[in-house]
Amino acid sequence: MSIQVQALTKVYGEQKAVDGISFTAGPGVLGFLGPNGAGKSTTMKILTCFIPQTAGIASVCGFDVISQALEVRRHIGYLPESNPLYLDMYVKESLAFIAGIHKIHEPASRITNVIEQTGLGPEQHKKIGQLSKGYRQRVGLAQAIIHNPDVLILDEPTSGLDPNQLIGIRQLITELGQTKTIILSTHIMQEVEAVCNKVIIINKGKIVADDTLPGLLNKNGNHTLEQIFITLTGN
Ligand code: ADP
């Protein structure tokens, strides 16, 4: 399994944001769902080595997030919720910058490939600040995959997109999920149904469901995913 998490806990001051969660993930798209404040972003930040856990173990492609953080960073791509981008940079320039950080061999051909893969072709000569939100998300995804990581962590990658932009990004996530392990956090249940093979629902720092999508629906009397989410997380 590319991601292994065991009894993971994160405490901020007095607040237990993640409370002893365990799960694994392999190739495909894992929907990571939960109400605001459930602990999704905290878990993602631990997996991407942005913050250390308080207790428990997490590994990516067999590498420990604390003791082998450099290896983890080599194998993981991260699109944070805020998608921080350098708005004054040109698209290609920003990708060259990220390729440089990863010390990618022959960056020019890799940048060309990634631009094609993420559908950035028509906008590739613009500054990021001139792009629509949908294209900015594509730049964020291009940056996240430029070093061809096995694992991708996408924190609400489609929030704020219009329906056409949504479809484009979802197609891209589905394509990437054919070979990579993707953890996708989203509040859009239709999106989970469209792109995810597996679902984890987290509530108040604890996992309340971990199943395939058909398995989850089956176990819950074939209610809609939205109804199941509300039942498992409503207080
Ligand atoms: P989600 O991504 O599911 O919305 P988060 O992981 O962002 O949830 O947050 C989980 C809990 O931890 C929330 O109650 C949040 O207020 C708290 N939290 C998150 N980051 C910090 C921080 N840096 N300091 C203190 N509390 C935090």
Side-chain angles (χ1 to χ4, degrees), residues 2-25 29-60 64-66 69 72-73 76-85 133 136-137 140-141 143-144 151-161 166 169-170 173 177 181-211 213 216 220 225-235:
S2 327
I3 295 178
Q4 303 210 24
V5 169
Q6 218 184 319
L8 195 71
T9 295
K10 176 71 184 179
V11 182
Y12 297 109
E14 305 258 293
Q15 164 128 33
K16 214 176 233 186
V18 174
D19 191 358
I21 63 170
S22 301
F23 66 91
T24 60
V29 185
L30 167 68
F32 205 50
L33 315 184
N36 285 329
K40 303 178 299 293
S41 295
T42 299
T43 306
M44 291 174 152
K45 284 179 196 160
I46 294 169
L47 285 171
T48 50
C49 310
F50 270 77
I51 56 171
Q53 67 267 39
T54 310
I57 300 170
S59 68
V60 174
D64 183 80
V65 294
I66 301 285
V72 170
R73 289 205 180 96
I76 207 163
Y78 180 36
L79 179 58
E81 189 182 353
S82 55
N83 185 16
L85 294 168
K133 180 134 198 238
R136 288 186 194 188
Q137 288 302 86
L141 269 171
Q143 291 185 352
V151 174
L152 267 179
I153 308 284
L154 309 176
D155 198 351
E156 297 191 33
T158 58
S159 75
L161 300 187
L166 263 174
I169 298 287
R170 281 183 196 161
I173 293 170
T181 299
I182 302 183
I183 296 192
L184 168 76
S185 112
T186 178
H187 287 297
I188 309 166
M189 298 300 144
Q190 266 177 316
E191 182 156 291
V192 177
E193 283 156 357
V195 304
C196 297
N197 331 85
K198 266 192 73 183
V199 179
I200 285 179
I201 302 178
I202 177 166
N203 187 40
K204 295 183 181 165
K206 291 187 194 275
I207 290 178
V208 292
D210 179 356
D211 211 331
L213 186 54
L216 183 67
N220 290 277
L225 188 55
E226 194 166 11
Q227 286 168 323
I228 296 168
F229 178 91
I230 291 168
T231 306
L232 292 175
T233 64
N235 303 298

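We number each residue from 1, following the sequence as shown. Read the numbers this way: they start at 1 and go in the same order the structure lists the ligands and their atoms.
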Distance-only side-chain donor-acceptor flag, [X] / [Y], under 3.5 Å:
X	Y	result
Ser59	Asp64	no
Tyr12	Thr42	yes
Thr158	Glu191	yes

Partner of Ile76 by side chain to side chain contact (heavy atoms under 4.5 Å, CB included), out of Ile153, Ile3, Thr181: Ile153
Check each of Ile207, Ile21, Ile183 against Ile200 using the side chain to side chain contact (heavy atoms under 4.5 Å, CB included) test, and report the only one that passes. Ile207
Crowded around Gln227 CD? As in, over 12 foreign heavy atoms under 6.0 Å? yes
To the nearest 0.1 Å, how far is [atom] from its closest protein heavy atom, and which atom is that?
atom	value
atom 8 (O) of ligand 1	Gly39 N, 3.2 Å
atom 12 (O) of ligand 1	Ala17 CB, 3.3 Å
atom 14 (O) of ligand 1	Gln15 NE2, 2.9 Å
atom 10 (C) of ligand 1	Gly37 O, 3.3 Å
atom 9 (O) of ligand 1	Thr42 OG1, 3.9 Å
atom 23 (N) of ligand 1	Tyr12 CE2, 3.7 Å

Within a distance under 4.0 Å of any heavy atom of [X], pick out the atoms of ligand 1 and give their elements.
X	result
Pro35	3 (O)
Ala38	1 (P), 3 (O), 8 (O)
Asn36	4 (O)

Any non-hydrogen atom of Ser185 lying under 4.0 Å from ligand 1? no
Does some non-hydrogen atom of the protein lie less than 4.0 angstrom from atom 27 (C) of ligand 1? yes
Is there a side-chain contact between Thr24 and Val5 (heavy atoms, below 4.5 Å)? no
Under 4.0 Å between a side-chain nitrogen and a carboxylate oxygen: does that hold for Asp210 and Lys198? yes
Heteroatom proximity flag, Ser41 to ligand 1, N/O under 3.5 Å: yes
